[in-house]
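Excluded from the calculations below are hydrogen atoms, water molecules and symmetry mates; all remaining heavy atoms, backbone and side chain alike, are included. Just follow the structure's listing: the first ligand is 1, and inside any ligand the first atom is 1. Small disclaimer: the values here were computed from a predicted structure and weren't measured.
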Amino acid sequence: MEPLREVPQRVSENSPNLINNMDEYQDMYDTALANLDTFWLNETRQRITWKSPPTIGIEGSFLEVPEAPLKWFSDGKLNVTESCLDSNLENRGDKTAIIWEGDEPDDCREITYSELHDEVCKAANALKALNVGKGDRVIIYMGMVPEAAIAMLACARIGAVHSVVFGGFSAESLRDRVLDCHSKVIITQDEGLRGSRKIPLKQVCDEALEGEHPVEKVLVYRRTGGDVDWDDSRDVWWQEFVGEQSAVCPATICDAEDPLFILYTSGSTGKPKGLVHTCGGYITYTSYTHQTVFDLREDDVYACVADVGWITGHSYIVYGPLANGATSLMFESIPTYPDAGRYWDMVARHGITIFYTAPTAIRALAAQGDDFVKQHDRSSLRVLGTVGEPINPDAWNWYYDVVGEGRCNIVDTWWQTETGGICITPIASVTPTIGGSATLPMPGIVPLLNDSDGNELTGPSEGLLCIKHPWPGQARTVWGDHPRFVDTYFGMFPGLYFTGDGCRRDERGYYWITGRVDDVINVSGHRMGTAEFEAVLVSHDAVAEAGVVGFPHPIKGSGVYSYIVLQSGAEWNDNFSVELNLLCRKQIGAHAKIDLFQHVPGLPKTRSGKVMRRILRKVAEGEPDALGDISTLADPSVVEAIKEGAQAL
Ligand code: 7RM
């Protein structure tokens with residue numbers, strides 16, 4: 001493993017950033033904390049187009065969440081699409097709002113702000129004609145086409161509540177969500193396209209709608225022209241129906257606290273939670289964080305390669321960037337199609353200046369070698385971002401040295417579906433970084449570490465990551481189940497938002513997310529993060545990925561069970577376990593010993609790339625038949641291989 005390396009941020013010349021150095025960061029942090037109301041009211045009035053600007057900041061507190069959801073800017077009235085579209089027409093009408101890169105590298109579209117405005121208005125009028133009104137729910141089940149963003153904004157335009165369901169979800173998962181939020185319309189496409197593979201979105205949608213359901217119309221965008229079944233009384237082609245609508249659609253005026261969207265995430269139980277984000281606070285926070293964290297400049301070409309089906313796509317492909325008048329790239333394909341150089345080819349062709357991805361993609365690409373990167377000109381890149389999981393130093397270093405040529409700032413951004421936007425992160429060109437640390441909180445965010453008894457830890461320490469004060473971007477409730485929202489996030493420590501993550505704070509006050517706390521293993525009284533083991537394991541040259549979980553051990557309480565994925569070309573032999581344990585001993589300590597090693601072809605992952613640790617845990621616990629809901633798995637065959645391998649151990 002390469003040593004941790006501290007990297008000073010390059011101070012940008014003529015940066016229009018709101019924060020230009022650490023003193024300014026500290027000033028803004030202190031100002032926010034001195035009066036959160038004033039701070040956020042100022043931010044929202046300056047950056048958001050309000051029909052009637054708010055005079056009230058926050059109403060309620062974390063202690064009062066059990067009685068009623070928090071409110072921000074509750075006397076303000078707005079429509080978020082006026083910030084994302086109309087406000088950009090005068091000065092940026094001809095500026096590219098969305099660059100779309102399709103599955104094939106030569107299949108690109110550029111949509112200006114004025115074109116986007118017109119397309120959104122047409123789609124909004126189409127929804128109205130389909131009997132969708134303010135407050136109605138619309139499910140969007142699409143791939144990465146601009147029409148997905150247009151559909152989201154069209155809902156927002158008329159005050160309807162969208163719920164994007166990631167295009168890889170099964171019919172059953174889609175049906176659950178349709179029933180849970182009672183959606184009136186589904187917007188989908190004939191087929192999706194990823195790495196030349198076709199995804200039968202309309203067909204899955206048809207399956208989801210077998211049996212009773214509340215859906216009246218299905219609006220279908222024709223992407224591939226593939227054959228689909230058609231129900232004349234229910235199905236409507238996007239191209240024909242949206243195409244004939246007027247491009248004038250006045251924005252429906254909403255209350256700041258009207259719901260903007262519902263986004264489902266899986267919790268610890270089987271039933272997914274529909275987190276509810278509201279208009280005024282969400283758009284304020286995504287706009288603020290997107291501009292500040294990435295040091296956004298007017299002519300940036302900004303690319304976040306997440307999917308709009310996840311919160312990252314909502315906040316940092318669509319809402320944040322458009323509210324800031326940025327050029328935002330949407331990517332339909334996968335990082336390895338046609339080869340592992342796709343991202344960097346894209347950087348060169350579009351002149352991408354800010355690139356935002358997940359550590360899992362970085363590790364996968366690093367394993368393919370440097371040549372795929374070096375073939376392409378990356379001189380346009382200025383800021384690199386990561387999100388979704390802790391990044392191990394090797395992956396960070398590779399991103400920094402190879403992708404960024406040692407020239408770019410890396411922002412390791414910690415946040416969650418629940419937080420709406422980035423909470424702990426370096427500010428590009430300002431915060432000195434150390435690979436693996438998300439560094440410092442955004443202004444307005446006050447992290448707090450507790451021990452499991454609820455005692456606040458001070459100074460350098462490791463504990464449960466909570467947030468002390470409300471911020472505008474956070475989810476307000478779980479759709480239809482406020483008690484579940486209260487239980488999950490405020491039940492552990494009344495008066496604090498509990499993130500579910502473990503975290504270490506170092507001597508200089510930097511935060512290091514150690515992973516979900518349900519992934520802590522207590523071995524003979526030593527609490528150890530599975531992520532700690534995993535970081536050691538992947539630092540071995542032959543190891544591509546590793547998943548570590550606890551299993552019941554008669555003497556130690558928990559034993560440590562590891563799943564190892566080797567780099568292509570490497571072959572498993574029994575010496576590995578000895579070598580890997582030596583590494584653990586060296587990097588963590590003598591108590592850090594792995595009891596079992598299982599060589600596996602891959603880790604079970606969700607389609608957004610998160611390891612489904614529950615599956616690893618169940619197999620390690622000897623309960624391979626009690627895996628629970630595995631409908632979100634990207635590749636079910638991996639699970640079969642893991643189960644078989646475990647039996648042979
Ligand atoms: C944005 C997103 C949230 C969980 C969160 C963490 C983990 C996210 C980082 C991270 C370490 C990071 N939303 N996580 N970002 N861990 N460093 N920079 O991913 O709701 O899908 O996931 O992801 O455990 O609680 S999410």
Give the residue, atom name and distance (to 0.1 Å) of the protein heavy atom nearest [atom].
atom                    : value
atom 22 (O) of ligand 1 : Lys610 CE, 3.3 Å
atom 7 (C) of ligand 1  : Gly388 O, 3.2 Å
atom 3 (C) of ligand 1  : Trp415 O, 3.6 Å

Heavy atoms only: which of Asp501, Val411, Thr312 lies closest to atom 24 (O) of ligand 1?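 Among Asp501, Val411, Thr312, the closest heavy atom to atom 24 (O) of ligand 1 comes from Asp501.
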Short question: side chain of Thr433, backbone of Gly435 - any donor-acceptor pair under 3.5 Å?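 Absent.
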Parallel, tilted or perpendicular: which fits the ring planes of Phe498 and Phe493, with parallel below 30° and perpendicular above 60°?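 Plane angle over 60°, so perpendicular.
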State whether Trp344 and Arg378 meet the cation-pi test: NZ (Lys) or CZ (Arg) under 6.0 Å from the six-membered ring centroid, and within 45° of the perpendicular axis.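 Judged by the rule, Arg378 and Trp344 form no cation-pi pair.
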Proximity to ligand 1 by part of [X], non-hydrogen separation under 4.0 Å:
X      : answer
Thr413 : backbone
Glu389 : backbone
Thr425 : neither
Pro390 : both
Thr417 : both

Within ligand 1, which atoms have a heavy atom of [X] less than 4.0 Å away?
X      : value
Val387 : 1 (C)
Ile513 : 11 (C), 16 (N)
Asp412 : 12 (C), 17 (N), 18 (N)

Between Arg476 and Glu418 (salt bridge meaning N to carboxylate O under 4.0 Å), is one present in this structure?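 Not counted as a salt bridge, because no side-chain N and carboxylate O are separated by less than 4.0 Å.
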Exercise: do Lys610 and Thr360 side chains pair donor with acceptor under 3.5 Å: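 Per modelled atom types, Lys610 and Thr360 side chains form no pair under 3.5 Å.
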Ignoring hydrogens and angles, state whether a donor on the side chain of Thr425 or Thr413 is under 3.5 Å from an acceptor on the partner side chain.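 Judged by distance alone, the side chains do not pair up.
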Please report the closest heavy-atom contact between Val318 and Ala149, naming both atoms and the distance.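 Minimum heavy-atom separation between Val318 and Ala149: CG2-CB, 4.0 Å.
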What closest approach, in Å, do Asp394 and Ser539 show between heavy atoms, and which atom pair accounts for it?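 So the minimum-distance heavy-atom pair works out to OD2-CA, 3.4 Å.
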